[in-house]
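Note that the coordinates shown come from a computational prediction; the quantities given were computed from them, not determined experimentally.
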Amino acid sequence: MTKDRTRTIGIFIALLAFFLGMFAIYGVGVYNDSEQYITMHIHREPLYPLFLALFRVLAGPETGLVLAVIVQNVLTVCSIFFLIEYLQKKFSLNLAGELVLLVLELMPHLVTRYVSAFGIFLENSIMSEALCIPLFQFFLLFTIRMIFEGKKADMVWSLVFAYLLSMTRGQMMTTILIWLVVAFLHFLGAKQYKKMLLPVLAVLCVFGLRNLTVHTYNYFVTGYFMGNTYGQVNTLTNVIYACDREDGEVFEEGSLERQFFDTFYEEADALMANYRYAEDAPEGEAAYLEDHHDILKFQVLESNLSMYYFGLGEVNYYQQSSMSDEMAGVMLRRLLPACFGQWLYDYLLLCRNGFIRSIAVVNKWINWVALALYAAAAGLSVYLFLKDKKSCAVRVMGLALLFIAANVCATSLTIMCLSRYMIYGFSLFYMALFLVGVEWMSGCPLFRRQTSAE
């Protein structure tokens, strides 16, 4: 057996031992959101509930969850293994270099378990992130292959995994748009201008397919041909937070929208869930909004909307959810222009925390370290790009920064950027930074294989 074969098998076994070992130690993690996935709740995207349902059908309610968690861990092992093996070959890394990639891939799992306030090992949990992580790793693998090799098969598989990601978590619809940007750049670089319309058509088809799939799934589960609900309620929550009392004047006196606004504002004010009560400093303002988002959403908006629509009589939960979401959309379109300045300020604060949590934790000292890392990544990338416009490491870093920006900006529109929403960019950023550093120190043999010519 060759040394390369031994190294490859050793890394796979080490990964498998780590993830299955964590499963043996901690077992299946069931949390507050888990029940919504198990019961196929209307608020949740279809793929993960269907994933869980498959194993429950095969092995029963309890054993099925255990089997699902084992499969989650094995899928994660495979996705990490294939990605780092590809990067190892592409960048001619030696064993030390590949081990660095391996450690960087494991870091998010260790951080969420031992550093994050959430304190869970994601791959052991009954949460959509447990399936999203391996799907995202496969998306990265095929997208990076698409960037470097431009093969049609990689383009197709990258888009397939983007679609699957969007069916697992709504925020991951950004991967479809990232695929579009990468495909555009590919055809632009190849000067195949006539083909640049193809990615647009493909993305439109994928979004249409996603919409049809969600509606069809909900029809079979609930009996209603409808999309997932409460997305607009989430967005309205941060808008209500940013409102002043006089902003309600955008609604006619006595209208239902005005009644809802007055109730929302009064109750939010009583709970101090309004921007005026936040500490007068960016760190405090962002933390205050994050702490009060769920309070405002569940205790004020959702409570009052559901009470009103259920009070109409003969209204079931699915109808109530749909009507609540529709009302939230109507209020959003009228209120957002009225409080846009404060909302935008709050949005930028959430984005700031999102960028930090994508690569670190929010802390007044660590925040500056995160900023320095972004600056170093950008500076080194520009330097290498000026030296070689075909730099492979710069392309990986470009993908990392593009994904982080898209994920942060999209998530901040509807909710706050918790670590478990931002965790996807963590390993990608640090692997890209490592590869940029290796390319910058091209003459250093520490992490790269040396050819006979060298």
TODO: Let me see the working for T175 and Y163 under side-chain hydrogen bond (donor to acceptor under 3.5 Å, both in side chains), right down to the final yes or no.
DONE: CA-CA 8 Å; T175 57; Y163 164 73; over 6 Å; no
Task: Between T414 and T235, a side-chain donor and acceptor under 3.5 Å - done: no
Task: With E283 via salt bridge (charged side-chain N to carboxylate O under 4.0 Å, His left out) - residues at least two apart - done: R352
Task: Nearest-0.5 Å distance that lies between atom CG in L102 and atom CE in M431 - done: 10.5 Å
- [ ] For the pair R420 and M127, evaluate side chain to side chain contact (heavy atoms under 4.5 Å, CB included) and give the outcome as yes or no after the intermediate values.
- [x] CA-CA 10 Å; R420 65 189 178 102; M127 298 176 69; 2.8 Å; yes
Task: Donor + acceptor pair across side chains of Y31, S125 (<3.5 Å) - done: no
Open item on the list: To the nearest 0.5 Å, what is the distance between CE on M173 and OG on S166?
Closed with: 7.0 Å
- [ ] Please examine the side chains of Y421 and M416, heavy atoms only from C-beta on, and report whether any two atoms are closer than 4.5 Å.
- [x] no
Open item on the list: What I want to check is whether the side chains of D244 and Y275 have a donor and an acceptor closer together than 3.5 Å.
Closed with: yes
Open item on the list: Looking only at the side chains, is there a donor atom on one of E123 and T76 sitting less than 3.5 Å from an acceptor on the other?
Closed with: yes
- [ ] Mind telling me whether Y288 and Y241 have parallel, tilted or perpendicular rings, with 30° and 60° as the class edges?
- [x] tilted
TODO: Measure the acute angle between the ring planes of F426 and Y430, then classify it against the limits of 30° and 60° as parallel, tilted or perpendicular.
DONE: tilted
Open item on the list: Measuring from atom CG of L402 to atom CG of L177, what distance do you get when rounded to the nearest 0.5 angstrom?
Closed with: 9.5 Å
- [ ] Tell me, yes or no, whether the heavy-atom count around K151 atom NZ, taken from other residues, nucleotides or ligands under 6.0 Å, exceeds 12.
- [x] no
Open item on the list: As a quick check of understanding, evaluate salt bridge (Lys or Arg N to Asp or Glu O under 4.0 Å) for E85 and R7, giving each step before the final call.
Closed with: CA-CA 10 Å; E85 281 294 299; R7 171 192 54 77; 3.1 Å; yes
- [ ] Test ring-ring contact (aromatic ring centres under 6.0 Å, His included) on F142 and F161 and set out the steps.
- [x] CA-CA 9 Å; F142 288 110; F161 278 101; 5.8 Å; yes
- [ ] Could you walk me through whether L131 and L75 pass side chain to side chain contact (heavy atoms under 4.5 Å, CB included), step by step?
- [x] CA-CA 8 Å; L131 184 58; L75 281 174; 4.1 Å; yes
Open item on the list: Would the distance check show the side chain of S358 and the main-chain N or O of I404 forming a donor-acceptor pair, the cut-off being under 3.5 Å?
Closed with: no
Open item on the list: Quick one, L15 and L106 - any side-chain contact, counting heavy atoms below 4.5 Å?
Closed with: yes
Task: Aromatic ring pairing F225/Y219, orientation class (parallel under 30°, perpendicular over 60°, tilted between) - done: perpendicular
- [ ] State, to 0.1 Å, how close G231 and D325 come at their nearest heavy-atom pair, and which atoms those are.
- [x] N-OD1, 3.4 Å
TODO: Kindly give the heavy-atom pair with the smallest separation between H292 and A273, and that separation in Å.
DONE: CD2-CA, 4.0 Å
Task: W179 side chain vs V160 backbone, donor-acceptor pair below 3.5 Å - done: no
Task: Separation of R44 CZ from Q36 CD (nearest 0.5 Å) - done: 4.5 Å
Open item on the list: Check this for me: Q192, atom CD, are more than 12 non-hydrogen atoms of other residues, nucleotides or ligands nearer than 6.0 Å?
Closed with: yes
Task: Contact summary for S427 and E105, nearest pair of heavy atoms - done: OG-CA, 3.4 Å
Task: Any donor-acceptor N/O pair, E45 side chain to G170 backbone, under 3.5 Å - done: yes
Open item on the list: Are there over 12 heavy-atom neighbours, none belonging to Y277, within less than 6.0 Å of that residue's OH?
Closed with: yes
TODO: Starting at CG of L87, measure out to OG of S92 and round the result to the nearest 0.5 Å.
DONE: 11.5 Å
TODO: Determine the interplanar angle of the W343 and Y347 rings, folded into 0 to 90°, and report it as parallel if under 30°, tilted if 30 to 60°, perpendicular if over 60°.
DONE: parallel
Open item on the list: Does the plane of the ring in F82 sit parallel, tilted or perpendicular to the ring in F138? Use 30° and 60° as the thresholds.
Closed with: tilted
TODO: Could you tell me whether a side-chain N or O of N73 sits under 3.5 Å from a main-chain N or O of V69, the two making a donor and an acceptor?
DONE: yes
Open item on the list: For A338 versus D247, what's the shortest heavy-atom pair and its separation?
Closed with: O-OD1, 3.6 Å
Task: Pairs flagged by salt bridge (Lys or Arg N to Asp or Glu O under 4.0 Å) wherever residues 165-179 is involved - sequence neighbours left out - done: E129-R169
- [ ] Just grab all the side-chain hydrogen bond (donor to acceptor under 3.5 Å, both in side chains) pairs involving residues 385-397, residues at least two apart or on different chains.
- [x] S391-E439
Task: Short side-chain to backbone donor-acceptor contact, N218 and M226, under 3.5 Å - done: yes
Task: Inter-residue atom distance F81.CZ - Q88.CD, 0.5 Å rounding - done: 10.0 Å
Open item on the list: Using only atom types and a distance under 3.5 Å, with no angle test, would you say the side chain of Y374 pairs donor to acceptor with the backbone of I359?
Closed with: no
Task: Partners meeting salt bridge (charged side-chain N to carboxylate O under 4.0 Å, His left out) with D154 (sequence neighbours left out) - done: R145
- [ ] Work out which heavy atom in V396 is nearest to a heavy atom in A432; give both atom names and the distance.
- [x] CG1-CB, 3.8 Å
- [ ] Taking side-chain contact (heavy atoms from CB on, under 4.5 Å) as the test, write out the residues that go with S381, two or more places apart.
- [x] V394, M397, V436
- [ ] Measure from the side-chain N and O atoms of Q171 to the backbone N and O of T411, and report whether any donor-acceptor pair falls under 3.5 Å.
- [x] no
TODO: Check side-chain contact (heavy atoms from CB on, under 4.5 Å) between N211 and all other residues, then give those that pass, not counting sequence neighbours.
DONE: H215
TODO: Give me the ring orientation class for F91 and F148: parallel if the planes are under 30° apart, tilted from 30 to 60°, perpendicular past 60°.
DONE: perpendicular
TODO: Using atom types as modelled and distance alone, determine if a side-chain donor or acceptor of N407 lies under 3.5 Å from a backbone N or O of F403.
DONE: no
TODO: Report the C-alpha distance between N238 and D346 in whole Å, list the side-chain angles of each, state the deciding distance to 0.1 Å, and finish with yes or no for side-chain hydrogen bond (donor to acceptor under 3.5 Å, both in side chains).
DONE: CA-CA 8 Å; N238 286 352; D346 293 337; over 6 Å; no
TODO: Please report the shortest heavy-atom distance between L65 and L52, naming the atom on each side.
DONE: CD2-CD2, 4.2 Å
